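The next block holds one structure in the form of structure tokens; read it before the comments.
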Amino acid sequence: MGAVKPMPRTTTDSEVVTSEEVLTKRPWNVVVWNDPVTPMSVVVVIFRKIFGYSNNKCTQLMMAVHHEGRAIVWSGARDRAESYCVKLQVAGLQATIEHAD
Amino acid sequence: MAGNRLFVRRRDGRIEVRLNDAGRSFVRGVFSQVVTAEREPDHQWHASLHSPIDPSIDADNPLSTLSRQSETTTNAELALMCVDEQFLTNGEAWAWLTSLQVALRSVAVSNGVLSDERLSEIDADLRSEIETLQLLLFSLAECL
């Protein structure tokens with residue numbers, strides 16, 4: 001087979017990344033908020049069930065919620081963040097989503 | 001200690017419910033309240049079951065509320081359907097746990113118990129209700 005000579009690279013309109021595109025590609029955080037009544041062990045069980053995290057990670061996240069008032073428990077695409085947020089709310093935890101900084 | 005547990009994981013994988021009649025009655029009442037709260041907008045727990053996902057956009061996204069409404073109702077309805085069972089599957093136990101937790105949070109929110117300070121000030125009846133729900137949740141979480 002003959003060698004293929006690479007074409008000289010030029011910038012086209014479609015390759016220009018606008019500031020709007022950059023914004024929409026920022027990840028979304030799922031945030032869980034502390035409350036004064038939910039047992040700590042219940043939070044760990046819910047995190048493990050919904051995210052499949054290890055016990056250690058679930059405990060660390062639970063402690064972060066407890067001591068800091070809130071913790072980011074997952075980051076990624078918006079549709080998945082919304083899905084996780086709904087699951088956490090259905091399980092009885094206070095959860096929201098926010099755009100990552 | 002094991003003899004005092006309200007829920008016990010058996011060797012066959014099922015979870016045994018060791019509640020007496022009064023305990024069953026309490027839990028049945030809790031699950032019924034959650035189901036009713038989901039269906040009736042005027043119920044005192046209704047607002048706490050519909051927290052916004054993202055306060056800046058949730059009002060424009062009725063589908064997000066709809067999906068939560070149907071999913072929550074399914075869990076509470078399943079819990080209510082198997083409230084008299086002596087043994088629970090993992091799925092049924094999860095429905096119990098989430099419905100009890102939803103009830104606990106709803107009791108707290110509807111009574112303005114949003115801080116440790118407020119929790120220390122509540123009356124005996126409300127404290128008893130919260131502690132009973134917490135006791136059930138503690139014991140069930142140990143099995144899951």
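Residue numbering restarts at 1 for every chain, and letters A, B, ... go by the order of the sequence lines. On a predicted model such as this, the values are computed, not experimentally measured, just so you know.
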Can you check whether [X] reaches [Y] side chain to side chain, under 4.5 Å on heavy atoms?
X	Y	answer
L114(B)	D35(A)	no
Q101(B)	P39(A)	yes
L97(B)	I46(A)	yes

Please state whether the side chain, the backbone, both or neither of L137(B) comes within less than 4.5 Å of a heavy atom of chain A.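 Both the backbone and the side chain of L137(B) come within 4.5 Å of chain A.
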
What part of L144(B) is in contact with chain A, defined as an atom under 4.5 angstrom from a non-hydrogen atom: side chain, backbone, both or neither?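 For L144(B), the contact with chain A is made by backbone and side chain together.
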
Minimum heavy-atom distance [X]-[Y], with the two atoms named:
X	Y	result
A108(B)	V37(A)	CB-CG2, 3.8 Å
P36(A)	S115(B)	CG-N, 3.5 Å
A91(A)	V102(B)	C-CG2, 4.3 Å

Single-linkage hydrophobic cluster, 4.5 Å side-chain cutoff, [X] and [Y] together:
X	Y	result
I72(A)	W28(A)	no
W33(A)	M63(A)	no
W45(B)	V109(B)	no
V86(A)	V31(A)	no
L140(B)	F87(B)	no

Answer with side chain, backbone, both or neither: which region of L93(A) has an atom nearer than 4.5 Å to a non-hydrogen atom of chain B?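 It is both, since atoms from each part get that close.
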
To the closest 0.5 Å, what do you measure between OG1 (T98(B)) and NZ (K49(A))?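 T98(B) OG1 to K49(A) NZ: 9.5 Å, rounded to 0.5 Å.
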
If you count heavy atoms of other groups shown closer than 6.0 angstrom to CG of D21(B), is the number above 12?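 Counting neighbours around CG of D21(B), 12 or fewer heavy atoms of other residues, nucleotides or ligands fall under 6.0 Å, so no.
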
Interface residue of largest heavy-atom contact number with chain A, from L104(B), L119(B), L100(B), under 4.5 Å: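 That would be L104(B).
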
